Amino acid sequence: MADATHAAAPPGHGAHAHGHAPNLAHHFHDYEQQREASFFGMWLFVAQEIMFFGGLFTVYLVYRMRNTLDFAIASSELDVAWGGLNTGVLIVSSFTMAMAVRAAQQGKRNPLVLFLIVTLLLGAVFVGIKYIEYSTKFEHHLFPGFESFRFDPPPGVIEAYGLTPERLEVMNQRARIFFSVYFAMTGLHALHMLIGMGLIVWLLFPAWKGRFNRDYHNPIECFGLYWHFVDLVWIFLFPLLYLLGRHVHGV
Amino acid sequence: MAEVHISPVRTYATILGALLVLTGVTVWVAFYDLGPLNDVVALGIAVIKATLVVLFFMHVKYAGRLVKLTVVGGFFWLLILFGLTVIDYVTRGDIVLDPPPVINPIAFETEGGA
Amino acid sequence: MIDNIKNAMPQLFEYLPLHPEQASSVSLPVDILYFVWMALSLFFSLLIAAAAIFMMVHYRRRAPGQVGAPETHAPVVEALSITIPFAIAMAMFVWGAKLYVDLRRPPENAVEYFAFGKQWMWKFQHPNGLRQINHLTVPRDTPIRITMTSEDVIHSFFVPAFRVKQDVVPGRYTTVWFTATETGEYHLFCAEYCGTEHSLMKGTVTVLEREEYEAWLRRESDPATATPASTGEELFTSLACVTCHEESDTTRGPALHGLFGSEIRLASGATIEADESYLRQSILEPMADIRAGYQPLMPTFAGQVSEQQLADLVRYLKTLGAQRASVEHPRPENATPQHGSPDRVEETRSEPTRGRQAPAPAAGASGG
Amino acid sequence: MSTASRASSAMPPARRPAENYINRDWSLRSWLLTVDHKRIAILYLISVTVFFFIGGLFAMMIRLELLTPQGDLMTSDTYNRMFTQHGVVMIFFFLIPSIPAVFGNFVLPLMLGTIDVAFPRLNLASWYIYSIGGLFTLAAVLLGGIDTGWTFYSPLSTVFSNSNVFLAAIGVFINGFSSILTGLNFLVTIHRMRAPGLTWFRLPLFVWAMYATSLINVLGTPVVAITLLLVVLERVFGLGIFDPTLGGDPILFQHLFWFYSHPAVYIMILPSMGVISEVISAFSRRHVFGYRFIAFSSLGIAVLGFLVWAHHMFTTGMSVYAATVFSSLTMLIAVPTAVKVVNWIVTMYKGSVAIETPMLFAVGFIGLFTIGGLTGLMLATLGINPHLHDTYFVVAHFHFVMVGGAIMGFMAALHYWWPKISGHVYPGRWSKTSAVMIFAGFILTFFPQFILGYLGMPRRYHAYPEEFQALNVLSTAGASILGLGYLLPAIYLTWSLVDGKRAPANPWGAAGLEWQCPSPPPVHNFDHPPVVTDVYDYGDEHLLAALATRAAKGVSVG
Ligand code: HEA
Ligand code: HEA
Ligand code: CUA
Ligand SMILES: [Cu+2]
């Protein structure tokens, strides 16, 4: 965690002098201990995040089990092209983040700054695309927060499945649940992206100043874990929301 | 883990390639109707991708036992949440109203009078 | 021998006042399980408390510098502390699970009732379509299965004397069943917290002998002899207006005596005359004019009462207005003596006391 | 004084004898920006105490209302707010943070022989997060209250309630991250910051308990956080995820809620169990019996605790199969718990038992928790759960485990470590009076509720049938004794700060690392790096010698 910097160390602790180690917090013996502590701490944070998103995945799971067909049809409103593109963007950004960590591990300042910036830009692209997608949904009255929410199945589906008007009403409702889940999950994910981008900006300054070196780079490393985790969530969100049931709507 | 493991660029590039290819595959497969297999394939590929990210990008492959345990534990706990919730849902005998009642389904009021 | 014990059981429980009356087929088995568990719990709690006190006294420190005996290990103790609780817990689990299967699986021949919970009243429907509000009349010794749902929030159907409880969940049907074994009148509670008036969402379950029930049902269901829902007072009871508009209870709805024709103040500050159309509107759109000093709690009855009924209600309310400030319960002008008996309303309103005999319909039945 | 001492101690250590973490710097700023685990513990102690008394006040209002059956003291809306706020404040803002954040923070680093927790600034941040969450909830209370019940069941909370669910849910949501981060901090500290030689099986059992608790915090809390976030989103956007009229499912809310909230009851009880292990051993002057069994049972409870949550939902229409699974798993928790209880008792066997205040609370814990736990098993028994669910039997059960168990543990910890924390000794006679009053008042308050529950009195009832009055009067009477019992410590502990005798480093003559540093501890905890042997070794020569000296001097305690 980023906490592992100088924590207003009260002086006078004689156990070990560490005037030579500016980034070592007073309560750690050495960089090794500090690094392992923050690495493990960050992993626990990731575990926490898994459960945090896990609640939403449970919601998805339950409703998809109950409303399989409706979810499949509703997902056809999502744009695979944008979604797929975004998946690619995020994967590449994960790669550049890994490269940034690598640069930090080697204590190379310039590549580190460069890769961080690229990652930041890719993150921005992702959020931008998400914005485009969201606006379309808003335009099509597919945001469940609106009174005007209305889901109409794509052409052909009604005939293919012989949907009665009553069944369509039900479908409208279940599609609403689908979009609730969609907005909750992708919204939370996008929020994580935004926080991540903020953190990159925050890390760029010390990176630029050359604060990170071979001994001390755990903030970058830990942030890398966070970024990869956000990528990981999307790796599941994409197929679950965009792809499952994709074969249905052409019928 | 005394020394920090630094992965070669080639590893990262390979993983990147694999992830992108798998993304393509999963999109491509999604357009064919494989019955229930669609779900299996999509999730299977997602799990593979996730594993790659965790092992290589997140360096778990080179991490100590404690971190490995944390990762496995985190996902295992998620499975507990899924599993036991699903146990309830799949065995519930009660009827989910379809469509849900907007008005009183017993029609107390509609006819009026006792 | 076992049969002997079984037969003695109900008598045994007579002497234990720690349980509600046993009025259904599952009451006794549930009580037995409960009291056996209670005995076990008390035994182990006392055992542990006694052991702790013994240790405290017997091994109390006698000299300031004294220390205890060195560390010991006793695998036997550990083994016992694992196996005994495990065995007891599993045994009780199996017992409980078996009983639970009985509690949950209604007999094939159960008679189908419906129940409907809404903030804050119960509505029941008999197999022949007869409806009751906050009050359920059932025949004795007949398995009854109630299918339930809710319009708003989660409620829970709880009859302590029957040892049954089942949540009533909006969006799904749940079922509960019981076979009443004793006639009488029993508490019905809403056990799931459901908002403001949760604690007043209660009623009674009346168990009648089967013949009495049949008679009662016939009378109630026959339009000719039925409690004329066309009279406003009956409606006032059956629609549960009384639960909020009692003379004594000033916390919920205003008392309606002397209302008609009077000037009343609205929450908005305006005053208005309580004329016929105001009464009408208060029933159909209670939110429109809120009376000063009251919460907008009253549910709308639009769609629930027919025009005819509405007219009856209003007519009834007007009679209340005519007898302003009367302490006596007002008698509706056109009520037939048979149904309009004053304490009929009184009956339904007041708290049922446990095991009270002669519930209103039963009394009516014996009379008719 | 602050700057002076800092400046002078910038030189290599020439410790001023009396300098400790408290008197190092008195400025408010130094307290609010402290990263010292001991000072953060004090901040928590103050805040949880405030919340306890707020929650207690609501409890007294509940009890007063229930004195008469008519519901005549307050309106039903007010009453509903009382028990909701009572539950929310007591659970989320008192009991869950209480022992971990106060005593965990204070003694964990001492027990591990380290200077601080792994992430001191994160630790301070946790307190601020907790405070912000608390302020949100207090705002909800002051701006009109919350009336959903502490369980926030939908659709009552998401659609029908007109109260401040938004603020309260946000408050609890925020507070959740305080728990998560504290748990994370402790896990890393225990894994990575132990003094040399302090192997896993030399750790004090309190540390094991904190470890298990922290696991639950990290893995469970996020789920309730996201669930409450969904409740908030439902209220704001009308998403419909839990709203049946929009196709949602209220049962799903219950699953998500209890997935956390059942394990959370072990967040509340495990720390207390850790305290009891310490106290029993210390006041029996005997190595704790069955060390490994107690240690592993904590982990066992933490893990099993995640597999049983739906025992709160048996009456929702769950299938017999699912109910069987959850009921049997629930019953299994009796095993690790019983192991603990038995091992505590056997620890006292052939001990040298001193009947001091912490010991009184500890023994009270054993008795009351056993009753609470066993009635928990009764609730988990399928055949009788339908009758008992949502009656006062449940209320009695959870007050036995939470008040009779967890708070007894908190009081034991408070009285055990108070001399270490404050550097002062409290008056023994008063504290023992308080222990007895709490015990007696408790029994009188909550035992009648078991009977009430079986007789059929539903919980969350503002007015109730007359036949239940007698038992309710008993309960209210008990509650006033109980309340006074809790008021006493607040008085004499405060008094001890002003006028109490100075406490020696090891007032109880206990083994354990935390007693090796002065009372109150210096900023860096230990003047000399601690020597780690067996932390429960009462045969240790140094300890025996010290005890003998003290006995010779006629020190009564110990
Ligand atoms: C500190 C908090 C705490 C603790 C530790 C527990 C512990 C347990 N609880 Fe409790 N419980 C609550 C807090 C807690 N509970 C709360 C707050 C609620 C209500 C929530 C609400 O609805 O508002 C609740 C509700 C609750 C219910 C739901 C009731 C209902 O609403 O229908 C159930 C049902 O199974 C249950 C069971 C248990 C069990 C089996 C244990 C077990 O862990 C107990 C294990 C302990 C022992 C068994 C005792 C020690 C053992 C011995 C002395 C050896 C002898 C043993 C044998 C011979 C078997 N609890
Ligand atoms: C840590 C948790 C905790 C604690 C400590 C307590 C403590 C107490 N609780 Fe409660 N309680 C809950 C958790 C807790 N409770 C929960 C979760 C619920 C369920 C809520 C829901 O249904 O949503 C509940 C519900 C609940 C009910 C049921 C309400 C209902 O269902 O209608 C009752 C009724 O008696 C009650 C009583 C008490 C009493 C008398 C105390 C006493 O122990 C309190 C004693 C403390 C004080 C009194 C304050 C300190 C003293 C003073 C301020 C001095 C002045 C006082 C006097 C002189 C008398 N609690
Ligand atoms: Cu309906 Cu409580
Ligand atoms: Cu539980």
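Bear in mind that the values here come from a model prediction, so they are computed numbers and not experimental data. Residue numbers start from 1 in every chain, and the chains themselves are labelled A, B, ... in the order their sequence lines are given, proteins ahead of strands.
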Trainee: Where does D:L543 contact chain C at under 4.5 Å (heavy atoms): side chain, backbone, both or neither?
Mentor: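 When you check distances to chain C, no heavy atom of D:L543 falls under 4.5 Å.
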
Trainee: Considering only heavy atoms, which portion of D:A380 lies under 4.5 Å from any heavy atom of chain C: side chain, backbone, both, or neither?
Mentor: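 Neither the backbone nor the side chain of D:A380 comes within 4.5 Å of chain C.
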
Trainee: What residues form a side-chain contact (heavy atoms from CB on, under 4.5 Å) with C:D102, not counting sequence neighbours?
Mentor: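 Per chain and number, C:D102 pairs via side-chain contact (heavy atoms from CB on, under 4.5 Å) with no residue.
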
Trainee: With a 4.5 Å limit on heavy-atom distance, are the side chains of D:P155 and C:I154 in contact?
Mentor: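 They are in contact (side-chain heavy atoms under 4.5 Å apart), so the answer is yes.
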
Trainee: State whether a side-chain donor-acceptor pair under 3.5 Å links C:T196 with D:D77.
Mentor: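 Per modelled atom types, C:T196 and D:D77 side chains form a pair under 3.5 Å.
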
Trainee: Any idea which heavy atoms bring C:P64 and D:R285 closest together, and the distance?
Mentor: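 Between these two residues, the closest heavy atoms are O-NH1, 3.2 Å.
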
Trainee: Tell me, out of D:S327, D:S297, D:S163, who's got the most heavy-atom pairs with chain C below 4.5 Å.
Mentor: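 Among D:S327, D:S297, D:S163, the one with the most close pairs to chain C is D:S327.
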
Trainee: Compute whether any side-chain donor of one residue and acceptor of the other, for D:R459 and C:S199, lie under 3.5 angstrom apart.
Mentor: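 Not at all, the side chains of D:R459 and C:S199 share no donor-acceptor pair under 3.5 Å.
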
Trainee: Grab the two heavy atoms, one from D:M331 and one from C:M92, that are nearest each other, plus how far apart they are.
Mentor: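 Shortest heavy-atom separation between D:M331 and C:M92 comes out as CE-C, 4.4 Å.
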
Trainee: Please check if the side chain of C:R60 supplies one atom and the backbone of D:V353 the other of a donor-acceptor pair under 3.5 Å.
Mentor: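 No; judged by distance alone, with no hydrogens or angles, the pair does not exist.
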
Trainee: Is a donor from one side chain sitting under 3.5 angstrom from an acceptor on the other, for C:D31 and D:Y454?
Mentor: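 Yes.
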
Trainee: Going from CZ on D:F160 to CD on C:Q119, what distance comes out if it is rounded to the nearest 0.5 angstrom?
Mentor: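 If we round to the nearest 0.5 Å, D:F160:CZ and C:Q119:CD are 5.5 Å apart.
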
Trainee: Please determine, among C:P75, C:P29, C:G195, the option with the most heavy-atom pairs under 4.5 Å with chain D.
Mentor: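 Answer, by heavy-atom pair count under 4.5 Å with chain D: C:G195.
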
Trainee: Scan residues 76-90 of chain C for pairs that pass side-chain hydrogen bond (donor to acceptor under 3.5 Å, both in side chains), counting only residues two or more places apart or in two chains.
Mentor: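 For residues 76-90 of chain C, and leaving out neighbouring residues, the side-chain hydrogen bond (donor to acceptor under 3.5 Å, both in side chains) pairs sorted by first residue read C:E78-D:N343.
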
Trainee: Any heavy-atom pair between the side chains of D:T381 and C:L33 that's under 4.5 Å?
Mentor: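 Touching, per the 4.5 Å side-chain cut-off.
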
Trainee: Under 4.5 Å from any heavy atom of chain C, what part of D:V346 do you find: side chain, backbone, both or neither?
Mentor: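 Side chain only.
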
Trainee: Quick one: pull up OG1 in D:T316 and CG in C:D167 and give me the separation to the nearest 0.5 Å.
Mentor: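 Rounded to the nearest 0.5 Å, the OG1-CG separation comes out at 6.0 Å.
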
Trainee: Within a strict 4.5 Å, meaning less than it, do heavy atoms of the C:E197 and D:H462 side chains meet?
Mentor: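 Not in contact.
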
Trainee: Do the non-hydrogen side-chain atoms of D:S76 and C:W120 ever get within less than 4.5 Å of each other?
Mentor: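 With C-beta onward as the side chain, the pair stays apart.
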
Trainee: Given a strict heavy-atom distance threshold of 4.5 Å, which part of C:R62 is in contact with chain D: side chain, backbone, both, or neither?
Mentor: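 Neither part.
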
Trainee: When you measure from the side chain of D:K350 to the backbone N and O of C:A69, does any donor-acceptor pair fall under 3.5 Å?
Mentor: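 Flag not set: sc D:K350 to bb C:A69 has no pair under 3.5 Å.
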
Trainee: Between D:N80 and C:Y193, does any side-chain donor sit less than 3.5 Å from a side-chain acceptor?
Mentor: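 Their side chains do contain a donor-acceptor pair, which is all the 3.5 Å distance test asks for.
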
Trainee: Determine, step by step, whether C:E71 and D:Y536 satisfy the side-chain contact (heavy atoms from CB on, under 4.5 Å) criterion, reporting the C-alpha distance in whole Å, the side-chain angles of both residues, the deciding distance to 0.1 Å, and the verdict.
Mentor: CA-CA 9 Å; C:E71 187 185 6; D:Y536 293 112; over 6 Å; no

Trainee: Tell me, for C:A49 versus chain D, whether the close heavy atoms (under 4.5 Å) come from the side chain, the backbone, both or neither.
Mentor: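 Neither; nothing under 4.5 Å.
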
Trainee: Under 4.5 Å, counting heavy-atom pairs only, tell me which of D:T375, D:I366, D:I371 racks up the most with chain C.
Mentor: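 If we count pairs closer than 4.5 Å to chain C, D:I371 comes out on top.
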
Trainee: Taking D:R460 for its side chain and C:C194 for its backbone only, find out whether a donor-acceptor pair lies under 3.5 Å.
Mentor: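 No.
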
Trainee: Relative to chain C, which segment of D:S154 carries a heavy atom at a distance below 4.5 Å: side chain, backbone, both, or neither?
Mentor: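 The answer is the backbone of D:S154.
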
Trainee: With rounding to the nearest 0.5 angstrom, report the CZ to CE distance, D:F450 to C:M38.
Mentor: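 Reported value, rounded in 0.5 Å steps: 6.0 Å.
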
Trainee: Using 0.5 Å steps for rounding, measure from the CZ atom of C:R172 to the CD1 atom of D:I251.
Mentor: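 Result: 5.0 Å between the selected atoms.
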
Trainee: How long is the gap from CZ on C:R163 to CD1 on D:I384, to the nearest 0.5 Å?
Mentor: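 These two atoms lie 11.5 Å from each other.
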
Trainee: Heavy-atom pairs under 4.5 Å with chain C - which of D:L374, D:V159, D:V341, D:T337 has more of them than the others?
Mentor: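 Looking at each option in turn, the highest pair count goes to D:L374.
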
Trainee: Under 4.5 Å from any heavy atom of chain C, what part of D:D249 do you find: side chain, backbone, both or neither?
Mentor: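 Answer is side chain: those atoms of D:D249 sit under 4.5 Å from chain C.
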
Trainee: So, taking the atom named NE2 in C:H187 and the one named CD in D:E467, what distance separates them when rounded to the nearest 0.5 Å?
Mentor: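 With rounding to 0.5 Å, NE2 (C:H187) is 3.5 Å from CD (D:E467).
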
Trainee: Please give me the minimum heavy-atom distance between D:A323 and C:Y100, naming the atom from each residue.
Mentor: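 Smallest heavy-atom distance, with atoms named: CB-CE2, 3.7 Å.
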
Trainee: For chain C, which candidate among D:L388, D:L368, D:D243, D:T330 shows the most heavy-atom pairs at distances under 4.5 Å?
Mentor: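 Heavy-atom pairs under 4.5 Å are most numerous for D:L388.
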
Trainee: Checking C:R104 side chain against D:M318 main chain: does a donor-acceptor pair fall under 3.5 Å?
Mentor: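 Answer holds: yes.
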
Trainee: Using side-chain heavy atoms (C-beta onward) and a distance below 4.5 Å, is C:K202 in contact with D:P458?
Mentor: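 Not touching, per the 4.5 Å side-chain cut-off.
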
Trainee: For a quick test of reading the model, state the closest non-hydrogen atom pair linking D:A282 to C:R61 and the distance between them.
Mentor: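 That would be O-NH2, 4.2 Å.
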
Trainee: Here's a test for you: under side chain to side chain contact (heavy atoms under 4.5 Å, CB included), which of C:L103, C:V176, C:V26 qualifies with D:P386?
Mentor: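 Filter result, single survivor: C:L103.
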
Trainee: Any idea which heavy atoms bring C:V169 and D:P250 closest together, and the distance?
Mentor: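 Heavy atoms only, the tightest pair is CG1-CG, 3.9 Å.
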
Trainee: Name the region of D:T347, side chain, backbone, both or neither, that has any atom closer than 4.5 Å to a heavy atom of chain C.
Mentor: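 For D:T347, neither part sits under 4.5 Å from chain C.
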
Trainee: Name the member of C:V77, C:T72, C:V94 that forms the most heavy-atom pairs with chain D at distances under 4.5 Å.
Mentor: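 Option with the top pair count is C:T72.
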
Trainee: Answer with side chain, backbone, both or neither: which region of D:I355 has an atom nearer than 4.5 Å to a non-hydrogen atom of chain C?
Mentor: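 Side chain only.
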
Trainee: Counting heavy-atom pairs closer than 4.5 Å to chain C, which one of D:M359, D:K340, D:M348 comes out on top?
Mentor: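 Answer, by heavy-atom pair count under 4.5 Å with chain C: D:M348.
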
Trainee: Could you look at C:A161 and say if it's the side chain, the backbone, both or neither that has a heavy atom under 4.5 Å from chain D?
Mentor: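 Neither part, no heavy atoms under 4.5 Å.
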
Trainee: By a 4.5 Å heavy-atom criterion (distance strictly below it), what part of C:M148 contacts chain D: side chain, backbone, both, or neither?
Mentor: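 For C:M148, there is no contact with chain D at all, as no heavy atom is under 4.5 Å.
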
Trainee: Are the side chains of D:V363 and C:M56 in contact, using a 4.5 Å heavy-atom criterion?
Mentor: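 They are in contact (side-chain heavy atoms under 4.5 Å apart), so the answer is yes.
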
Trainee: With a 4.5 angstrom heavy-atom cut-off, which part of D:S161 approaches chain C: side chain, backbone, both or neither?
Mentor: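 No part of D:S161 comes within 4.5 Å of chain C.
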
Trainee: Which residues from residues 41-48 of chain C are near chain D, with near meaning under 4.5 Å between non-hydrogen atoms?
Mentor: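 Residues in range: C:S41, C:F44, C:S45, C:I48.
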
Trainee: Within a strict 4.5 Å, meaning less than it, do heavy atoms of the D:T315 and C:F158 side chains meet?
Mentor: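 A side-chain contact is absent here, since even the closest heavy-atom pair is not under 4.5 Å.
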
Trainee: I want to check something: taking the side chain as every heavy atom from C-beta on, are D:L377 and C:W37 in contact at a cut-off of under 4.5 Å?
Mentor: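 Yes; the side chains approach each other to less than 4.5 Å.
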
Trainee: Of the listed residues (D:I451, D:T324, D:T151), which shares the most heavy-atom pairs with chain C below a 4.5 Å separation?
Mentor: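 Most heavy-atom pairs within the cutoff with chain C belong to D:T324.
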
Trainee: Please work out whether the ring planes of D:F393 and C:Y34 are parallel, tilted or perpendicular, with thresholds of 30° and 60°.
Mentor: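 Because their plane-to-plane angle is over 60°, the rings of D:F393 and C:Y34 count as perpendicular.
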
Trainee: Are more than 12 heavy atoms from other residues, nucleotides or ligands located less than 6.0 Å from atom CG of D:D534?
Mentor: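 Yes.
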
Trainee: Looking at every heavy atom in both C:P160 and D:L455, which two are closest together, and how far apart are they?
Mentor: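 The pair with the smallest heavy-atom distance is CB-O, 4.0 Å.
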
Trainee: What option among C:D152, C:V101, C:L80, C:V164 has the most heavy-atom pairs under 4.5 Å with chain D?
Mentor: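 The candidate making the most pairs under 4.5 Å is C:D152.
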
Trainee: Tell me the ring pair (Phe, Tyr, Trp, His ring centres under 6.0 Å) pairs involving residues 53-96 of chain C, sequence neighbours left out?
Mentor: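 Residue pairs passing ring pair (Phe, Tyr, Trp, His ring centres under 6.0 Å), neighbours aside: C:F54-C:H58, C:Y59-D:Y349.
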
Trainee: Out of C:V57, C:L99, C:V67, return the one with the most heavy atom pairs under 4.5 angstrom to chain D.
Mentor: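 Ranked by heavy-atom pairs under 4.5 Å with chain D, first place is C:V67.
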
